[in-house]
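Structure record follows, encoded as structure tokens.
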Amino acid sequence: MSGPDAARARPGRNDPCWCGSGQKYKKCHLDADSRGALQASPVRVARRPLAPGIVSPRRAVPPAVVRPDYAATGRPRGQGRDVKTPEQLERLRRACRAAARVLRIAGESVRPGITTDALDELAHAETIRLGAYPSPLNYRGYPKSICTSVNEVICHGIPDSRPLADGDIVNLDITVYLDGMHGDCSATFLVGEVDAGGRKLVQVARECLEKGISAVRPGRPISDIGRVVEAHASRHGFGVVRSYCGHGIGETFHTQLQIAHHYDPSMRRVMEPGMTFTIEPMITEGTWEDLLWDDGWTAVTADGKRSAQFEHTLAVTEDGAEILTVE
Ligand code: MF3
Ligand code: CO
Ligand code: CO
């Protein structure tokens, strides 16, 4: 045996301590050694904080694709009604189905080494192939076609030149505009081998969306959704982001209607059949508080711990919810 890290034979309780202090072992290092100081510990590598990469030039959309009102100016105008007619719902279903398909296809390409820009390119191409417009592109000036939120990024991460690393988690948020409607969904994917804490976070975030959906019921206040989401997250010791909410959706990407994912009793508006909105809880390993990068978009956790998110677009039915962002 040699070197300070090699497993050492421990002295008897009343023998002199191995450290040379002259004290009895029981008075000196016995407690520390019993806590595992002598056990070989596997090398654990700290996760680097995320840093911005290079953002590629804006991708083109063929002139034949019908665009939302903000595509040229960056400024959305319209305010659609939150309760939809059957005809509007049918168009929204088509947009949502396309969004779900793009999310699946981009998600299938997530692996260590692929850049988030390459995922943006893939999603952009598939969106256009479906005859749709990638809703984020130039929405309030947003530069890319999807959002890619890695590790401590809560939401609105901008795709760039950074390759995904083994052990990352990444949320892909896809919104497409088709048939005059926006369909919005997202999911968090594991990149290679993710540690147990990360896998748990992603699983609980998925469950939080499921719980939120199960709280959708006509006649009940919107605040029911955040109540069940927050209860589930806190049961697992996780936080719920407050600065970003679900939203009414349809002809308009984000209507005035907000869906908090924490319990906010002031959200008294009652759910009605035909109402359409997203639920998209952002669940954190540590604090729920957020910070904004100076790119004006990237929202990160204030403590640098990870955040995971899942999102669906839904319609309130006579007795619950219809999930629209499915294939
Ligand atoms: N899809 C996001 C949401 O769930 C919004 C992205 S807006 C963008 O509401 F401009 F960042 F793309
Ligand atoms: Co949304
Ligand atoms: Co979204």
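From L89, atom CG reaches atom CE of M275 across 12.5 Å, with rounding to the nearest 0.5 Å. Rounding to the nearest 0.5 Å gives a distance of 8.5 Å between CG of N171 and OG of S307. Rounding to the nearest 0.5 Å gives a distance of 8.0 Å between OG1 of T148 and CG of L164. In this structure, SG on C245 lies 8.0 Å from CG on D264, to the nearest 0.5 angstrom. Considering CZ of R58 and CG of L137, their distance stands at 5.0 Å, rounded to 0.5 Å. To the nearest 0.5 angstrom, Q203 atom CD is 11.5 Å from T188 atom OG1.
For the pair Y133/P68, a side-chain contact is recorded, criterion being any heavy-atom separation below 4.5 Å from C-beta on. Using a 4.5 Å cut-off on side-chain heavy atoms (C-beta onward), L130 and V176 make no contact. The shortest distance between side-chain heavy atoms of R101 and E126 falls below 4.5 Å. Looking at I146 and P136, their side chains never come closer than 4.5 Å, going by heavy atoms from C-beta outward. Between I154 and Q309 the shortest side-chain heavy-atom distance does not fall below 4.5 Å. Side-chain contact between V61 and R67 is present, with at least one heavy-atom pair separated by less than 4.5 Å.
Residues R104 and E108 are paired through a salt bridge, judged by an N-O separation under 4.0 Å between the basic side chain and the carboxylate. Salt bridge present: R269 and D82 bring a charged side-chain N and a carboxylate O closer than 4.0 Å. Using a 4.0 Å cut-off between charged nitrogen and carboxylate oxygen, E251 and R81 do not count as a salt-bridge pair.
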Could you check L257 against H247 for side chain to side chain contact (heavy atoms under 4.5 Å, CB included), going step by step and ending with a plain yes or no? CA-CA 5 Å; L257 177 64; H247 49 94; over 6 Å; no
Take D168 and R162 through the test salt bridge (charged side-chain N to carboxylate O under 4.0 Å, His left out) and record every step on the way to the result. CA-CA 12 Å; D168 282 347; R162 179 187 179 276; 3.0 Å; yes
Would you check, one step at a time, whether the test side chain to side chain contact (heavy atoms under 4.5 Å, CB included) holds for T255 with I249? CA-CA 6 Å; T255 73; I249 187 167; 5.7 Å; no
Applying salt bridge (charged side-chain N to carboxylate O under 4.0 Å, His left out) to R77 and D69, what does each step give before you reach the verdict? CA-CA 7 Å; R77 312 175 126 269; D69 57 12; 5.9 Å; no
Determine, stepwise, if the pair E87 / R91 fulfils salt bridge (charged side-chain N to carboxylate O under 4.0 Å, His left out). CA-CA 7 Å; E87 183 274 334; R91 287 189 289 121; 2.7 Å; yes
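Using modelled atom types and a 3.5 Å distance limit, the side chains of H182 and T175 yield no donor-acceptor pair. When only modelled atom types and interatomic distance are considered, T115 and D117 share no side-chain donor-acceptor pair under 3.5 Å. The closest side-chain donor-acceptor pair between E207 and H232 falls under 3.5 angstrom. For T116 and K144, the side-chain atoms include no donor-acceptor pair closer than 3.5 Å.
Scanning all heavy atoms of the two residues, the minimum distance from I225 to A215 falls at CA-CB, 4.1 Å. Residues G192 and D166 share a closest heavy-atom pair of CA-OD1, 3.1 Å. C208 approaches I283 most closely through the heavy-atom pair SG-CD1, 3.8 Å. Heavy atoms only, all atoms of each residue included: A315 and T276 are closest at CB-CG2, 4.0 Å. Of all heavy-atom pairs between P265 and S223, the closest is CA-CB, 4.4 Å. Contact record, F277 with V316: CE2-CG2, 3.6 Å, taken as the closest heavy-atom pair.
For residues 280-291, the set of pairs meeting the salt bridge (Lys or Arg N to Asp or Glu O under 4.0 Å) definition, not counting sequence neighbours, comprises E285-R306.
The cationic group of R227 lies under 6.0 Å from the six-membered ring centre of Y263 and within 45° of the ring axis, placing it in a cation-pi geometry.
Residues Y142 and H156 place their aromatic rings such that the two centres sit no closer than 6.0 Å. Proximity of the aromatic rings of H254 and Y139 is defined here by a centroid distance below 6.0 angstrom, and this criterion is met.
Under a cut-off of 6.0 angstrom, the local environment of CZ in R217 is sparse, with at most 12 non-hydrogen atoms contributed by other residues, nucleotides or ligands.
Under the 4.5 Å side-chain heavy-atom criterion for grouping Ile, Leu, Val, Met, Phe, Trp and Tyr, I213 is connected to V240 within one hydrophobic cluster.
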